Amino acid sequence: LDESLSLRDEGLSACHQRHVKSGALGVFLVAVEQGRIPQGSVLVVEGLDRLSRAEPIQAQAQLAQIVNAGITVVTASDGKTYSREHLKANPMDLVYSLLVMIRAHEESDTKSKRVLASIRRQCTGWIAGTYRGLIRNGKDPVWIRLVDGQWELIPERVAAVREGLRLYLTGYGATKIIERLTEQELSLTGRGPQALQIYRLVNQRALIGEKELTLGQEKFQLPGYYPALLTQAEWDALQLANSGRGRRKAKGPVPHILTGLGITVCGYCGRAMVG
């Protein structure tokens, strides 16, 4: 038993393939592809629905990738074995695996639709003023935390945000802001702030207490969801300053990264990338 390869993807979606894109199963599949998992090895999973809940044709391709590499898959819940030799002798097990994958995907798809419908009702209820509970979707700002069902400001993070915004409004660039925050032992995240976070910060409507959500093709803005750090007037002033940042007043071309055409710009502040 190779305990170093006891891989877990707790909390990562097997329906949206997050356990493949950023989780342990993705690491395992790459190891299989590179031949780092020796032939004759056995991969034990609780069930095929734990291996994947993707569209059946994609899920079966992942199973086939593992089996074709000479690795046996065993599902602990029903004791089924999937190997080239076994499937050659018992081809109906391949049909069975496909049926399991179809059912798993349909269950996840139905659950996902129900969850989205529930969140959509909560959003419309918030806007209409008929719902004031928590909406468990999207990321919450780094300067607040949930305590006994209520949002609470984190003083040290609020101090970092306020100082960062003050420096931004006085004309400091992101790198200099980070340097000043570090000198003052302030952090936006507690994990070492990066310059990119400043440009994200100045565009976050959570500063005025709004929660922004995107559900499919719909976008929701929920006013008053968080404690506000800025008034509407302060937010407007910040956006005005943000829109004017990076406009070059000097004459002549700016030396850009790509052939001087000026087509490479920062997606957050709009300034030309020159290095």
Side-chain angles (χ1 to χ4, degrees), residues 1-123 133-140 146 191 213-218 220:
L1 177 63
D2 187 348
E3 294 185 355
S4 68
L5 283 178
S6 293
L7 307 174
R8 289 178 172 271
D9 278 332
E10 295 175 348
L12 295 179
S13 171
C15 179
H16 298 291
Q17 295 293 278
R18 293 193 182 100
H19 68 321
V20 174
K21 298 172 186 174
S22 59
L25 182 62
V27 174
F28 182 80
L29 292 176
V30 170
V32 169
E33 188 176 330
Q34 295 176 347
R36 292 166 53 198
I37 309 296
Q39 291 191 14
S41 298
V42 178
L43 172 66
V44 181
V45 294
E46 183 183 349
L48 289 179
D49 60 339
R50 299 294 89 198
L51 189 66
S52 181
R53 286 175 173 257
E55 293 180 22
I57 192 170
Q58 186 176 5
Q60 197 164 52
Q62 289 169 349
L63 176 63
Q65 177 186 350
I66 297 171
V67 171
N68 285 331
I71 297 168
T72 298
V73 176
V74 174
T75 50
S77 59
D78 56 12
K80 289 281 188 180
T81 299
Y82 300 91
S83 66
R84 295 189 67 175
E85 296 76 14
H86 181 85
L87 290 175
K88 183 177 180 180
N90 303 275
M92 290 305 294
D93 279 356
L94 194 59
V95 177
Y96 172 78
S97 71
L98 182 59
L99 293 174
V100 172
M101 292 169 179
I102 291 172
R103 185 199 60 184
H105 178 70
E106 287 179 346
E107 286 178 354
S108 285
D109 191 47
T110 299
K111 187 184 295 182
S112 177
K113 289 177 180 176
R114 287 174 179 168
V115 170
L116 284 178
S118 175
I119 295 171
R120 188 175 290 107
R121 285 194 299 271
Q122 291 175 345
C123 290
L134 294 175
I135 299 176
R136 299 288 191 178
N137 189 271
K139 292 184 177 180
D140 299 312
L146 194 63
R191 298 186 300 271
L213 286 176
T214 300
L215 302 176
Q217 301 299 318
E218 295 180 89
F220 294 92

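In this text, all values refer to a predicted model and were calculated from it rather than measured experimentally.
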Name all residues meeting the side chain to side chain contact (heavy atoms under 4.5 Å, CB included) criterion together with Glu106; count only those two or more places apart in sequence or in a different chain, and write none if there are none.
Ile102
Measure from the side-chain N and O atoms of Thr75 to the backbone N and O of Val45, and report whether any donor-acceptor pair falls under 3.5 Å.
no
Output the distance between atom CD1 (Ile66) and atom OG (Ser41), rounded to the nearest 0.5 Å.
11.5 Å
Is the closest side-chain heavy-atom distance between Gln62 and Gln58 below 4.5 Å?
yes
In chain order, what residues pass the side chain to side chain contact (heavy atoms under 4.5 Å, CB included) check against Leu134, with sequence neighbours excluded?
Arg136, Leu146, Trp151, Tyr225
Verify, without hydrogens or angle tests, whether Ser97 (side chain) and Leu94 (backbone) share a donor-acceptor contact under 3.5 angstrom.
yes
Nearest heavy atoms of Gln65 and Leu29, plus distance in Å
NE2-O, 3.4 Å
State whether the side chain of Asn68 and the backbone N or O of Ala64 hold a donor-acceptor pair below 3.5 Å, judged by distance alone.
yes
Do any pairs count as a salt bridge (Lys or Arg N to Asp or Glu O under 4.0 Å) and have a residue in residues 62-78, sequence neighbours left out, and if so which ones?
none
Nearest heavy-atom pair of Gln39 and Ala69: which atoms, and what distance?
CG-O, 3.3 Å
Working to the nearest 0.5 Å, report the span between NE2 of His105 and OG1 of Thr110.
9.0 Å
Are the side chains of Leu43 and Phe28 in contact, using a 4.5 Å heavy-atom criterion?
yes
Pairing residues for Ala31 by the side chain to side chain contact (heavy atoms under 4.5 Å, CB included) criterion, not counting sequence neighbours
Arg36, Ile37
Separation between OG1 of Thr214 and CG of Asn137, rounded to the nearest 0.5 Å
9.0 Å
Nearest heavy-atom contact between Ala54 and Ala59 is O-CB, 4.2 Å
Measuring from atom CG of Leu215 to atom SG of Cys123, what distance do you get when rounded to the nearest 0.5 angstrom?
5.5 Å
Got His86 and Thr72 here, is their nearest side-chain heavy-atom distance under 4.5 Å?
no
More than 12 heavy atoms from other groups under 6.0 Å of CD on Glu107:
yes
Locate the shortest heavy-atom distance separating Pro56 from Leu98; write the atom from each residue and the value.
CB-CD1, 4.0 Å
Flag yes if more than 12 heavy atoms outside Leu99 fall under 6.0 Å of its CG atom; otherwise flag no.
yes
Could you report the tightest heavy-atom contact between Ser83 and Val67, atom names first, then the distance?
C-CG1, 3.7 Å
So, using side chain to side chain contact (heavy atoms under 4.5 Å, CB included) as the criterion, who are the partners of Val100 when residues are at least two apart?
Leu48, Tyr96, Arg103
How many angstroms lie between atom CZ of Arg121 and atom CG of Leu116, to the nearest 0.5 angstrom?
11.0 Å
Got a sec, which pairs hit salt bridge (Lys or Arg N to Asp or Glu O under 4.0 Å) with one end in residues 80-97, sequence neighbours left out?
Lys80-Asp93
